[in-house]
Amino acid sequence: PQSGNYVFRVTVSDGAVTASSDVPVAVTTNTAPTVFASTPTPVVGPSTLAISLSGGATDDGLPGVLPLAYEWSQVSGPGTAAFGNATTASTTATLPANTPGTYVFRLLVSDGALSSSANVTVQSTGNLAPSVQAVSPRAFFAWNGAATAVPVEARMSDDGLPGPLS
């Protein structure tokens with residue numbers, strides 16, 4: 001039945017006289033939990049990297065099985081992530097080393113009878129190439145034709161991965 005208020009009538013007859021009594025019944029049907037999962041910020045890194053996955057759910061309290069059951073899983077991605085604790089609302093997922101790409105994770109929540117889910121997408125980029133810019137020296141004059149060291153300035157930037165510039 002659908003949720004709502006119903007009235008059931010019980011009627012009894014002895015063949016000559018009839019009597020009735022009404023019984024009101026409120027029916028509430030179970031609905032699946034409403035699941036939400038927040039999207040982590042994009043991550044950069046060639047090495048193993050743990051990201052935080054956070055989610056939760058609201059429920060109507062039926063069928064009365066508490067607490068709700070949570071389960072994180074990986075839907076897709078170029079490598080296999082490892083979960084800190086896949087059966088909690090919030091957990092960590094450790095992305096594999098040197099495997100950049102788009103990872104999709106799913107939080108499935110069950111109330112014991114019905115379940116629903118929400119997905120989050122994480123973009124992981126690998127080690128980005130450093131940038132370097134050589135800056136020309138000021139005008140330099142060599143006197144008497146002898147070999148002379150010329151100072152050159154370089155400007156560099158990097159994402160810090162996998163380690164410091166050398």
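- Under the side-chain contact (heavy atoms from CB on, under 4.5 Å) criterion, S38 pairs with S54, sequence neighbours left out.
- Residues satisfying the side-chain hydrogen bond (donor to acceptor under 3.5 Å, both in side chains) criterion with N30, sequence neighbours excluded, are D111.
- Residues passing the side-chain hydrogen bond (donor to acceptor under 3.5 Å, both in side chains) test with N85 are T87, sequence neighbours excluded.
- The CG atom of L107 lies 9.0 Å from the CG atom of L53; values are rounded to the nearest 0.5 Å.
- T58 is linked by a side-chain contact (heavy atoms from CB on, under 4.5 Å) to T34, counting only residues two or more places apart in sequence or in another chain.
- The side-chain hydrogen bond (donor to acceptor under 3.5 Å, both in side chains) check on T102 picks up Q123, with sequence neighbours excluded.
- Hydrophobic clustering (side-chain heavy atoms under 4.5 Å, transitive across Ile, Leu, Val, Met, Phe, Trp, Tyr) groups V27 together with V23.
- Within the structure, no pair that satisfies the ring pair (Phe, Tyr, Trp, His ring centres under 6.0 Å) test touches residues 52-81, not counting sequence neighbours.
- Legend: salt bridge (charged side-chain N to carboxylate O under 4.0 Å, His left out) pairs involving residues 55-72, not counting sequence neighbours: none detected.
- Cluster partners of L62: none. The rule joins Ile, Leu, Val, Met, Phe, Trp and Tyr whenever side-chain heavy atoms lie under 4.5 Å apart, and it links nothing here.
- The side-chain contact (heavy atoms from CB on, under 4.5 Å) with P33 is formed by just one residue from the set S117, S116, S110; it is S116.
- Listed by chain and residue number, nothing satisfies the ring-ring contact (aromatic ring centres under 6.0 Å, His included) test with Y103 (two or more places apart in sequence, or in another chain).
- Within the 4.5 Å cutoff, the side chain of F105 has heavy atoms near those of the I51 side chain.
- Nearest heavy-atom pair, V17 versus D14, reported as atom, atom and distance to 0.1 Å: N-OD1, 2.7 Å.
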Which pairs of donor and acceptor atoms, one on a side chain in residues 74-83, lie under 3.5 Å apart (sequence neighbours left out)?
from: Q74; atom 1: OE1; to: A81; atom 2: N; distance (Å): 2.7
from: Q74; atom 1: NE2; to: S76; atom 2: O; distance (Å): 3.4
from: Q74; atom 1: NE2; to: G79; atom 2: O; distance (Å): 2.7

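- Partners of T11 by side-chain hydrogen bond (donor to acceptor under 3.5 Å, both in side chains), not counting sequence neighbours, listed by chain and number: S20.
- For the residue pair V120 and A37, the shortest heavy atom distance occurs at CG1-CB, 3.4 Å.
- D22 pairs by the side-chain contact (heavy atoms from CB on, under 4.5 Å) definition with V7, R9, not counting sequence neighbours.
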